[in-house]
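Step one of this worksheet: look at the structure below.
Chain letters run A, B, ... following the sequence lines, proteins first and then strands; every chain starts at 1. Not measured: the values here are computed from a predicted model.
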There are 2 protein chains.
Amino acid sequence: MPAVARTSTEAMVAAGRRIIEHDGLDALTMLAVADAVGVRGSSLYKRVSGRDALVVMIAEQVIGELVEAVDQALDGEDAARDLRAFANAFRAFAHRNRATYPLLFDAQAGPVSPAVLERSAAPVRRVVAALAGPEHELSAARMLTAWAHGFVSMELAGAFQLGGDVDEAWEYALDGLITALSRHD
Amino acid sequence: MPAVARTSTEAMVAAGRRIIEHDGLDALTMLAVADAVGVRGSSLYKRVSGRDALVVMIAEQVIGELVEAVDQALDGEDAARDLRAFANAFRAFAHRNRATYPLLFDAQAGPVSPAVLERSAAPVRRVVAALAGPEHELSAARMLTAWAHGFVSMELAGAFQLGGDVDEAWEYALDGLITALSRHD
DNA sequence: ACCTGAACACCGTTCAAGT
DNA sequence: ACCTGAACACCGTTCAAGT
């Protein structure tokens, strides 16, 4: 009648994330996760409703860390400096999580929960508010996030292959964004 | 000894694309494609090496059409007008191809061929060259593409859910980009 | 209350055999 | 030269049976 819990949801999320990062999303099979946490495949369904749900949980954990990373990069003193710091921390995080980053805004994986979405929007809005002013805060935040996400996802997908210096393109755009967001028109 | 070809690679690509657009990427099974083109599953492997290869072929066809769409939106007269036209054609195309667009810069699906990549870069470079000048052409093209791709992919993924007017954010960023790319510094 | 083995439906892919 | 049926390995998921 008793029962011994031999694994946990956190262990499954951690294992799944490790598998994706090491061998790619296709390698994330329920059996591979079960093996990694030391349980049989069918036992996983006590904790998650299925593979898709597990992927979403992994994505939400990664988002959480991304928000933390960009948040710590800000100091609230110089708006332009903070925008650079935000973008650079964003990009560095994506590079440190090459395989899981693409899950974050993946239409296929389904959207993350609104709560997570809202928390993740906070630091971006803070960064741009000082530059663009409150009336353009949301639009400016969307401009910055769209560019940063687009850039790193194209970069990670290998879409920048026509030569040139990718870092230079990053800096060029960063300068341009500061100019653009400082308009106050 | 003879042989009758009962289908074609183009028919398979078209069927696959239809399946993705109607029922999502997961619904693209080799059997579903075979059914759609009127052949048995095992026959598909005469024409494509596997499911992954078929997805890449679909992605390349979609990219080709995207390039054509943005190309036709340009008139070469007014640089700022062309940038707007480019971006709006880009976004409209993505909305018309909600399910297949996410394949384009998908790290998972693997990169499209360098040849396709080069052809697709041409119109963007043309658009920004007039504004940003030749020395910043590549960086400016990357800024514009990154933003446009990031914006529409986040939009399609349902990432813009914190209220506000998404169209307004699009226009705001478009204005900002024109400002930023016109610097000539 | 959690774990297990067995089972099911469904994949992608291969290949010998047909015409 | 292309098509087919059968087979293989491998999925995700369910569920009755164990402890």
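A distance of 11.5 Å separates CG in B:Asp167 from CG in B:Leu174, rounded to the nearest 0.5 Å.
Considering only side-chain N and O atoms, A:Arg51 lies nowhere under 4.0 angstrom from the phosphate OP1 or OP2 of D:dC11. Taking side-chain N and O atoms only, A:Arg47 has a distance below 4.0 Å to OP1 or OP2 of C:dC3. Distances shown here put a side-chain N or O of A:Ser43 below 4.0 Å from the OP1 or OP2 atom of C:dT4.
For the pair B:Leu31 CG and D:dT4 P, the computed distance is 12 Å after rounding to whole Å. In this structure, A:Asp52 atom CG and D:dC11 atom P are separated by 16 Å, rounded to whole Å. The separation between A:Leu44 atom CG and D:dC15 atom P is 17 Å, rounded to whole Å. Straight-line distance from the CG atom of B:Leu25 to the C1' atom of C:dG12: 14 Å, rounded to whole Å. D:dG18 atom P lies 17 Å from atom CZ of A:Arg40, rounded to whole Å. Distance B:Asp26 CG to D:dG12 P: 12 Å, rounded to the nearest Å. If you measure from atom CG of A:Leu54 to atom P of D:dC11, you get 15 Å, rounded to the nearest angstrom.
Side-chain contact of B:Asp106 with A:Gln108: a donor-acceptor pair under 3.5 Å is absent, judged by distance alone.
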- Item | Check against side-chain hydrogen bond (donor to acceptor under 3.5 Å, both in side chains), B:Trp170 and B:Asn88 | CA-CA 9 Å; B:Trp170 177 262; B:Asn88 289 330; 2.8 Å; yes

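With a cut-off of 3.5 Å on both Watson-Crick or G-U wobble distances, the partner of D:dT19 is given as C:dA1. C:dT14 is paired with D:dA6 under the Watson-Crick or G-U wobble criterion, all donor-acceptor distances under 3.5 Å.
Residue contacts shown for B:Leu28 are limited to sugar-phosphate atoms, with no base heavy atom under 4.0 Å away. Here A:Thr29 lies in heavy-atom contact (under 4.0 Å) with sugar-phosphate atoms only. Across all strands, B:Ser8 comes closer than 4.0 Å to no nucleic acid atom at all (heavy-atom distances).
For A:Met30, whose side chain is taken as the heavy atoms from C-beta onward, the closest listed nucleotide among D:dG5, C:dT4, D:dT13 is D:dT13. The side chain of B:Tyr45 sits closest to C:dT14 out of C:dC3, D:dT14, C:dT14.
DNA chain C is contacted by both A:Ser42 and A:Lys46; A:Lys46 maps to the nucleotide lying nearer its 5′ end (nearest heavy atom per residue).
By the 4.0 Å N-to-carboxylate-O rule, B:Arg126 lies too far from B:Asp82 to be salt-bridged with it.
The only option from A:Glu65, A:Gln61, A:Glu21 that meets the side-chain contact (heavy atoms from CB on, under 4.5 Å) definition with A:Thr100 turns out to be A:Glu21.
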